[in-house]
Amino acid sequence: MRRAIAALAGLAAFVLLWEGYKAVGNPEGTVVLGVRILPRADDLSMPHLLDVARRLSRPELTGGRPVWHVVLDACLFTLGITAAGFAAGALVGFVLAALMQRFRVVERGLLPYVVLSQTVPLVALAPLVAGWSGALSFGPYPWQDWMTVSTIAAYLAFFPVAVGLLRGLQSPSASGVELMRSYAAGWWRTFVKLRLPASLPFLFPALRLAGAAAVVGAVVGEISTGTRGGIGRLVIEYSREATSDPAKVYTAMLGAALLGLAVAAFVSLLELPLMRHRRRVEVNVI
């Protein structure tokens, strides 16, 4: 209930901020020393949110489907690509975190490169991945465009999981580790019984960040590679009509934002039963 109230309060604050700035802001934007620090507040750059909501119910084209239907189909297409990239990225991040926790030399040698990997701009990475992936195939199955987009999504998703899970795996106290050693527990049993349960408070926030990052990677990948059917491509197509129909552009952006929130909410739903079980176990132990 608290999270729902906080979400509604955040939404209300966003609406008030948007409409308030539109009411008092400069239609040409605020420029300081030749640099525009605040956006234009005219109807072309910032349409009313009510106009965006109304545009969702009107047909995309004359006699065509309503915009909300087109945006929903595009979001579902991107969701499938995002799910594949998120799963692959989370798996890679999990393996890397386990290796870095197990071997100190791996952490020292690999962690700087894991951090450095996130400095590569996606706009430059996406065409590169699309180029070398065109020569790949899985037996009789050639590499598909959606696989390139999923690879880019996985590239962004693995980092939060690797770093967050590593911190969680290293969080148990020395006394807890020594207790497991006194029971003659090996690394694997200590990992499963002690380190992995202790890492859950660190893992799920990392998974939420990874889910949102996977959506960003999928959208940017669709835009960069020209993959059709997804919300990223829809943003490009609608942006061509920004002059004549500015509210239409924001419908696609709204769909992309809601897609990211939906992925993060799904991870939160997975978190609830596991964290309740963990708290129940802690209470029973105490």
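Heavy-atom basis, side chains included; hydrogens, waters and symmetry copies ignored. Note that the coordinates shown come from a computational prediction; the quantities given were computed from them, not determined experimentally. Positions are given from 1, in the same order as the sequence printed here.
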**Q** Should the ring pair Trp188 and Phe191 be called parallel, tilted or perpendicular, given that the plane angle runs from 0 to 90° and is split at 30 and 60?
**A**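 Ring orientation of Trp188 relative to Phe191: parallel.
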**Q** Determine yes or no for a side-chain-to-main-chain donor-acceptor pair under 3.5 angstrom, with Trp68 supplying the side chain and Ala53 the backbone.
**A**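 Checking the backbone N and O of Ala53 against the side chain of Trp68, no donor-acceptor pair under 3.5 Å is found.
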**Q** Can you see which heavy atom on Pro160 is nearest to which on Ala206, and at what distance?
**A**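 Closest approach of Pro160 to Ala206: O-CB, 3.2 Å.
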**Q** As an exercise, state the distance from CZ of Arg195 to CD of Gln101, rounded to the nearest 0.5 Å.
**A**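 That separation rounds to 4.0 Å.
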**Q** Could you tell me whether the side chain of Phe204 reaches within less than 4.5 Å of the side chain of Leu207, counting heavy atoms only?
**A**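 Leu207 reaches Phe204 side chain to side chain.
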**Q** When clusters are formed by joining ILVMFWY residues with side-chain heavy atoms under 4.5 Å apart, either directly or through shared neighbours, do Val220 and Val149 land in the same one?
**A**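 Both belong to a single hydrophobic cluster.
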**Q** How far does OG of Ser239 sit from OH of Tyr250, to the nearest 0.5 angstrom?
**A**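 Rounded to the nearest 0.5 Å, the OG-OH separation comes out at 12.0 Å.
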**Q** So do Thr190 and Arg181 actually touch side chain to side chain, heavy atoms under 4.5 Å?
**A**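 No, every pair of side-chain atoms sits at 4.5 Å or beyond.
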**Q** Looking only at atom types and distance, does a side-chain atom of Ser171 sit under 3.5 Å from a main-chain N or O of Gly168, one as donor and one as acceptor?
**A**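 Yes, Ser171 side chain to Gly168 backbone: donor-acceptor pair under 3.5 Å.
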**Q** Identify the two heavy atoms, one from Val161 and one from Gly93, that lie closest to each other, and give their separation to 0.1 Å.
**A**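 That closest heavy-atom pairing would be CG1-C, 4.0 Å.
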**Q** Minimum heavy-atom separation for Ser244 to Pro246, with atom names?
**A**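 Closest pair (atom of Ser244, atom of Pro246, distance): C-CD, 3.8 Å.
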**Q** Has Thr119 got a side-chain atom pairing as donor or acceptor with Val115's backbone, closer than 3.5 angstrom?
**A**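 No, the answer is negative, given that no donor and acceptor are paired below the 3.5 Å cut-off.
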**Q** So if you build clusters from Ile, Leu, Val, Met, Phe, Trp, Tyr with side-chain heavy-atom gaps below 4.5 Å, do Val70 and Val219 land together?
**A**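 In one cluster: yes.
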**Q** Carefully, step by step, assess Val263 and Leu79 under the rule side chain to side chain contact (heavy atoms under 4.5 Å, CB included).
**A** CA-CA 8 Å; Val263 173; Leu79 179 61; 3.9 Å; yes
**Q** Could you tell me the separation between the CD1 atom of Ile152 and the OG1 atom of Thr82, rounded to the nearest 0.5 Å?
**A**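 One finds 11.5 Å between CD1 of Ile152 and OG1 of Thr82.
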**Q** With rounding to the nearest 0.5 Å, note down the distance linking CZ in Phe86 to CG in Leu91.
**A**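 Rounded to the nearest 0.5 Å, the CZ-CG separation comes to 11.5 Å.
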**Q** What closest approach, in Å, do Ala41 and Met46 show between heavy atoms, and which atom pair accounts for it?
**A**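 In terms of heavy atoms, the two residues are closest at CA-SD, 4.2 Å.
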**Q** Within the structure provided, determine whether Arg189 and Tyr183 are in side-chain contact (heavy-atom separation under 4.5 Å).
**A**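 Counting from C-beta outward, Arg189 and Tyr183 never come under 4.5 Å.
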**Q** Any chain of hydrophobic side-chain contacts (each under 4.5 Å) joining Val67 to Ile236?
**A**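 Cluster IDs for Val67 and Ile236 match.
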**Q** What do the steps show when you test Leu38 against Asn26 for side chain to side chain contact (heavy atoms under 4.5 Å, CB included), and what is the final call?
**A** CA-CA 9 Å; Leu38 291 176; Asn26 189 343; over 6 Å; no
**Q** Please identify which of these residues, Asp51, Asp43, Asp42, meets the salt bridge (charged side-chain N to carboxylate O under 4.0 Å, His left out) condition with Lys22.
**A**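 Only one option passes, and that is Asp43.
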**Q** Quick check on the hydrophobic clustering: are Leu111 and Phe158 connected, directly or via other members, by side-chain heavy-atom contacts under 4.5 Å?
**A**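 Yes: a chain of side-chain contacts under 4.5 Å links Leu111 to Phe158.
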**Q** Return the minimal non-hydrogen interatomic distance between Ala157 and Ala214, and the atom names on each side.
**A**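 Closest pair (atom of Ala157, atom of Ala214, distance): CB-CB, 4.2 Å.
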**Q** Using the side chain to side chain contact (heavy atoms under 4.5 Å, CB included) rule, take Val114 and Phe159 through it: C-alpha gap first, then chi angles, then the decisive distance, then the call.
**A** CA-CA 7 Å; Val114 171; Phe159 175 75; 3.6 Å; yes
**Q** Side-chain contact, heavy-atom cut-off 4.5 Å: Phe202 with Gln170?
**A**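 Heavy-atom side-chain distance check fails, nothing below 4.5 Å.
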**Q** What distance separates Ser173 OG from Leu194 CG, expressed to the nearest 0.5 Å?
**A**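 Ser173 OG to Leu194 CG: 7.5 Å, rounded to 0.5 Å.
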**Q** Is the closest side-chain heavy-atom distance between His48 and Glu19 below 4.5 Å?
**A**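 Yes - at least one pair of side-chain heavy atoms lies under 4.5 Å apart.
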**Q** Does Ser224 reach the main-chain N or O of Gly221 with its side chain, forming a donor-acceptor pair under 3.5 Å?
**A**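 Such a contact is absent between Ser224 side chain and Gly221 backbone.
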**Q** Would you say Thr78's side chain and Ile231's backbone share a donor-acceptor pair under 3.5 angstrom?
**A**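 Answer holds: yes.
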**Q** Check whether Leu76 and Leu56 end up in the same hydrophobic cluster, where Ile, Leu, Val, Met, Phe, Trp and Tyr are linked by side-chain heavy atoms less than 4.5 Å apart.
**A**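 Linked within one cluster.
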**Q** Tell me, please, which residues at least two apart from Gln118 pass side chain to side chain donor-acceptor pair (under 3.5 Å).
**A**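 Testing Gln118 for side chain to side chain donor-acceptor pair (under 3.5 Å), a comparison that skips the adjacent residues, returns none.
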**Q** Strictly distance-based, threshold 3.5 Å: is any side-chain N or O of Arg233 a donor or acceptor partner for the main-chain N or O of Arg228?
**A**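 No; zero donor-acceptor contacts below 3.5 Å.
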**Q** Pick out which of Leu72, Leu234, Thr227 makes a side-chain contact (heavy atoms from CB on, under 4.5 Å) with Phe77.
**A**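 The option that passes is Thr227.
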**Q** Under a 3.5 Å distance rule, please check whether Lys248 uses its side chain to pair with a backbone N or O of Arg55 as donor and acceptor.
**A**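 Here the side-chain-to-backbone pair does not exist.
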**Q** Would Val249 and Glu241 count as a side chain to side chain contact (heavy atoms under 4.5 Å, CB included) here? Give the steps.
**A** CA-CA 7 Å; Val249 181; Glu241 305 177 38; 5.7 Å; no
**Q** Which heavy atom of Gly85 sits nearest a heavy atom of Ala153, and at what distance?
**A**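 Gly85 and Ala153 have their closest heavy atoms at CA-CB, 4.1 Å.
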**Q** Within a radius of less than 6.0 Å around CZ of Arg65, do more than 12 heavy atoms belonging to other residues, nucleotides or ligands occur?
**A**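 For Arg65, atom CZ is crowded (more than 12 foreign heavy atoms under 6.0 Å).
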**Q** For Val106, enumerate each residue passing the side chain to side chain contact (heavy atoms under 4.5 Å, CB included) test, keeping only those at least two apart in sequence or located in another chain.
**A**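 Expected list: Leu99, Met100, Phe103, Leu110.
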**Q** As an exercise, state the distance from CG of Leu203 to CG of Leu166, rounded to the nearest 0.5 Å.
**A**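 The CG atom of Leu203 sits 12.0 Å away from the CG atom of Leu166.
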